[in-house]
Amino acid sequence: MDSDILASLNSAQSDAVTSQALVLQVLAPPGSGKTKTLTARVAHLIARHQLKPWNIIVCTFTVKAASEMKDRIQGFVGAEVAKQLKLGTFHSISLRYLKQYGQHIGLDKDFGIADTSDSKAIVKRIVKKNDLTIDATQARNRISTQKAKGIDCEQFMKGAKKGDQQEFGQVYRDYEATLKASNLLDYDDLLLRCGFLLRSHPQCVSNVEALLIDEFQDTNNIQYDLMTLFAQRQNRITIVGDPDQSIYGFRSAEIKNLTRMKEQWPDTLTINLEENYRSSGAILHAAQNIIEQDESRPPKTLQATHSHGLRPILRKLPSATGEATWLVSEVQRIQKMTGGLLQPSDFAVLLRSATISRPIEHALGKAGVPYRMIGGMKFYDRIEVKLIVDYLRVISHPDNSEAVARIVNMPARRVGEATIKSLLEEARSQDLSLWRLILDTVQGRRRPTTKLNDPSMKGLSIFVDVILCGHTKLLSSQTEAVILVDLVNLVVKKLSFQSYLTKKYPEDHEARWTNVEELIAQAIDASDPERLQAMLQENALPTIDGLEQRTASSLDDMLSLFLANIALTASTQEKAEQDGEKLQQLTISTIHAAKGLEWPVVFIPACYDGSIPHSRAEDHDEERRLLYVGMTRAQALLYLSCPIKNTKREETSLSTFLLQPGVSGFFEEHGPSIALSSVTGLATTLRRDCPSTAVINKDKRTLERDEDNYWSVNGEEPPEEIAKWDYGKGGGKFEPTRPAAVFSSAAVTMQQGFSTASAAVQPGFTSVKAQYDELMEKAVLQKVDKRAQQSNTTTVEEPPKGRKRQIEGQGSIESFFGKRSRPEPAVESKSKPTATVSSSRPLHEIRNPASHQRPKVAAPGLSSLLQHKPRNAPLYSKPTVNAHANRAPDNKYMFLSSSPPQPEPDENETSDTVPTSEAAHEDEPIVPKARPASTFHTTSMQSVAPQRKTLGVRLSRDGWANRGGRK
DNA sequence: ACTATATTAATTTTT
DNA sequence: TTAATATAGT
């Protein structure tokens, strides 16, 4: 067994795996098999050193990484053994210790977890109450920073200077008191209290034989302390990490912890892995060049094991929507050109921030490309879900005043903001929980000082009724299997939740209702006895002689567990990855959430200043590392792109990291021509079989363009757009100008966060192209003519003022139309980049003018015409109009039901969706039909796929959203 | 005086 | 897509 493990490793890796060193650091650049090494070492410790899996702790930073790690370890040691490991995020492992041993440090058995919104609400209220000038979110972050340093509020107050610091200290102290009153721990508390527990009761971890930590560069000081505490018995520690991939500075990660570790244990052995097995040479070199801009960074070697491959692309596009459309067209082009070598699941779009995913989701939806979204809005953060969960939280822990305050007037019960605030303050001053105060008031045991009018009073009693009913149910129920679902159903029924949604969200209530159904489905899953057993077993810690352990078997413990899992976004199932593969979905993810993962083709859009580096980021080195992490996710093809106008239609400036001298030499300006040799190259890099020429050629024929030449390389609007506009003006009426020739107008897309089952719609481009070509040509000629008539001087006008970056208009018409057959990048000769600065280089190169078939026009370049057109000229105003047309119904959801608002008969898009069979009626118990696990997404993803009955649908902008019968 | 509703602005990354 | 603010209504 052990030899099996070692067989697949290189010498450095196997040195690391088998090292006898007690404390071991493995420093490993991206793609060097870091996780593999760590998992192999776990397997080795079990197989060779006979460590018991339950005595091994494995820590990761993200939920995603934890489940990834688990999968990998399973591959080595099997599911049974893997299950026994104590594996999870720092937070979830800490939680386990606190749940089971918390009483030893005086922790109430039933503490809840304050999530971000709780914390924010608390701080906001404190700030408001005391009329402070501090920004609430800033204060919250500051509290978190202090906690991560291990400074509690009293300590802080001691050292605080007058003024701002004193004020903040007050908030900090108040915040802590509020948490305590509501019996809540925030994320930082989980780590802090666990540290406190293990310091005072080292017995808790006396069984621990080995500790392994992934992504160690992301540890903060508290986590470092936890490391030493977890391992205190035997000090057998293995960490893997890479300073270049430190991207959690905002969470107080300390890269210094690497050296601190060496100082604490001078015998620490450090092993460097240097060979990259993931990316092509070209990608690696480009990434390397970026990261080396950081001069404070110690130089490192990173050896490519793959051939040079295709150079990464740095592409300019007119706008975010244009960028999205282009991106999708490249996904489709690459897929076709490689004859099925690549599936949608081989593509990833990595974003600096999840908020900019919208145009991309829109474009993908329009083209019928299935996708899933990781990061960003989580399922449990959706208001309709969160509301129910909050009710559960209150039923479970009525003293959680935060949750009570949030739901007491939800749905609206005429208990307004002012009343809640006043009640909260009164509760606080009486040292009561909000719930206690409200309950006593409603039941006539207490006359609150807060004035309450009749409707408010009535509202309060309705609220009390709901909670009491839930609570009774919780206490009286005997069979644990049904209780969770029953509770959810009870809440939903008591609130008339469905009609509430209908009233409050007339536009998309059905989609929201589906989310509620999904929550119910999750409750069912969580109440499944087998699943519950597995979960308890996984969460259990080994019993230790002479140490009292709390058992987690009672009913409301189950509810607590369910809620805690929600708070930590810990998944109840780990099927997501496989499902993603099976369902063939493209991945959209934040770069942060993509860490540790890889894809054959990676797109990083929005590479402009303000996005990467982010405008709010203080540490630009970290932002650079972020870009580096993103780039190094790619195996075979990497696209960076930048809209030259941001969403507000202001000019953007290419990311500073990409403007550095020499950088441009590593990139192409547009997507690669895919010759047959490239396909074989890709196949080798990906270690896949190369598809046959016949297949490739067949696929190719269904493609409208086999080159990335629709969009100009300097980011201007493509000629079609201009042509269309021109014609639109002539006709007096504006015609929507999406490049219909390129993409079919599939109205069936998916709601954000939902995976779709919609089959890809075959685009019908057949004859449209020819028409377009003609149209474009005419338009351009017309333009040029007009221009020439106007004056001869205009072409040398100064460019418009206020531009951050001037874009040279040297392009000629050929470069738009001509098929520029590009030579394969000569691998060796390119390896030495030219030292040109991209911005100073002619942006429009005509690579092969002779090949184009169209009449040459000896006239000023089209791009210069564009450039110098006055602001109020139609040429400029057109995109604005377009953007408006785009906006309105974009984020509306609609549902296909058995009696849907009927689309035009000629709309064929509905055929792909599953119609809703029936709408659930309110008084019936809501029990979604069972569905196979494979259609079901876990909660670790943001996406949850309720495919069994209904499909959430986000309509494309000019679909039948407007005809759907809303107001 | 308080609550509900419409408009407007702003929007990092994760546990 | 929320959060804060202004306004109308109870």
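Letters A, B, ... are given to chains in the order of the sequence lines, protein chains preceding strands, and every chain is numbered from 1.
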Regarding the side chain of A:His592, the nearest nucleotide among B:dT14, C:dT2, B:dT11 is B:dT14
Atom pair distance, as rounded to whole Å: CZ in A:Arg193 and C1' in B:dT15: 17 Å
Describe the nucleic acid contact of A:Phe61 in one word from base, sugar-phosphate, nothing, applying a heavy-atom distance below 4.0 Å. sugar-phosphate
Between CD of A:Glu384 and P of C:dT1 the distance, given in whole Å, is 11 Å
Going by side-chain contact (heavy atoms from CB on, under 4.5 Å), name the residues that satisfy it together with A:Thr441, two or more places apart in sequence or in a different chain. A:Leu437, A:Pro448, A:Leu452, A:Met457
Kindly write out the residues that satisfy side-chain contact (heavy atoms from CB on, under 4.5 Å) with A:Glu622, not counting sequence neighbours, or none if the list is empty. A:Phe250, A:Asp619, A:Arg625
Would you check if the side chain of A:Asp189 reaches a backbone N or O of A:Asp186 as a donor-acceptor pair within less than 3.5 Å? yes
A:Val63 has a side chain; which of B:dT14, B:dT11, B:dT15 sits nearest to it? B:dT15
So, does A:Lys124 get its side chain near the phosphate of C:dA4, meaning an N or O under 4.0 Å from OP1 or OP2? yes
Does A:Arg382 have a side-chain nitrogen or oxygen under 4.0 Å from the phosphate oxygens OP1 or OP2 of C:dT1? no
Quick one: do the A:Ser319 and A:Thr321 side chains pair a donor with an acceptor below 3.5 Å? yes
Could you state the CD1-C1' distance from A:Ile222 to B:dT15, rounded to the nearest angstrom? 14 Å
Angle class for the A:Phe230/A:Phe90 ring planes (parallel below 30°, perpendicular above 60°, tilted otherwise)? parallel
Across nucleotides 1-6 of chain B, 5' to 3', mark each nucleotide with B, S or - according to how protein heavy atoms within less than 4.0 Å reach it. -SSS--
Whole-Å distance, A:Arg140 CZ to B:dT15 P, equals 14 Å
Hey, is the side chain of A:Thr590 poking within less than 4.0 Å of OP1 or OP2 on B:dT14, counting only N and O atoms? yes
Nearest to the A:Thr62 side chain among B:dT13, C:dT2, B:dT14, which nucleotide is it? B:dT14
Check every atom of B:dT13, B:dT15, C:dT1 against the side chain of A:Phe250 and return the nucleotide holding the closest atom. B:dT13
Tell me, please, which residues at least two apart from A:Lys129 pass side-chain contact (heavy atoms from CB on, under 4.5 Å). A:Asp174, A:Glu425, A:Arg428
For A:Thr219, what residues pass the side-chain hydrogen bond (donor to acceptor under 3.5 Å, both in side chains) criterion, not counting sequence neighbours? A:Asn257
A:Ile247 CD1 to B:dT14 P, straight-line distance once rounded to whole Å: 9 Å
Mind checking side-chain contact (heavy atoms from CB on, under 4.5 Å) for A:Ser461 and listing every partner two or more places apart, or none if nothing turns up? A:Val442
Ordered by number, residues from residues 622-633 of chain A within less than 4.0 Å of DNA chain B (heavy atoms) are none
Between C:dT2 atom C1' and A:Lys504 atom NZ, what is the distance in whole Å? 12 Å
Just how far, in rounded Å, is C1' of B:dT14 from CG of A:Leu568? 11 Å
Starting at NE2 of A:His614 and ending at C1' of B:dA10, how long is that distance when rounded to a whole Å? 11 Å
Look at all strands and tell whether A:Ile356 reaches a base, only sugar-phosphate, or nothing, counting heavy atoms closer than 4.0 Å. nothing
Please compare A:Lys128 and A:Ile383 by the position of their nearest nucleotide in DNA chain C and report the one closer to 5'. A:Ile383
Could I get the full list of salt bridge (charged side-chain N to carboxylate O under 4.0 Å, His left out) partners for A:Lys34, not counting sequence neighbours? A:Glu215
By side-chain hydrogen bond (donor to acceptor under 3.5 Å, both in side chains), which residues pair with A:Tyr101, not counting sequence neighbours? A:Gln549
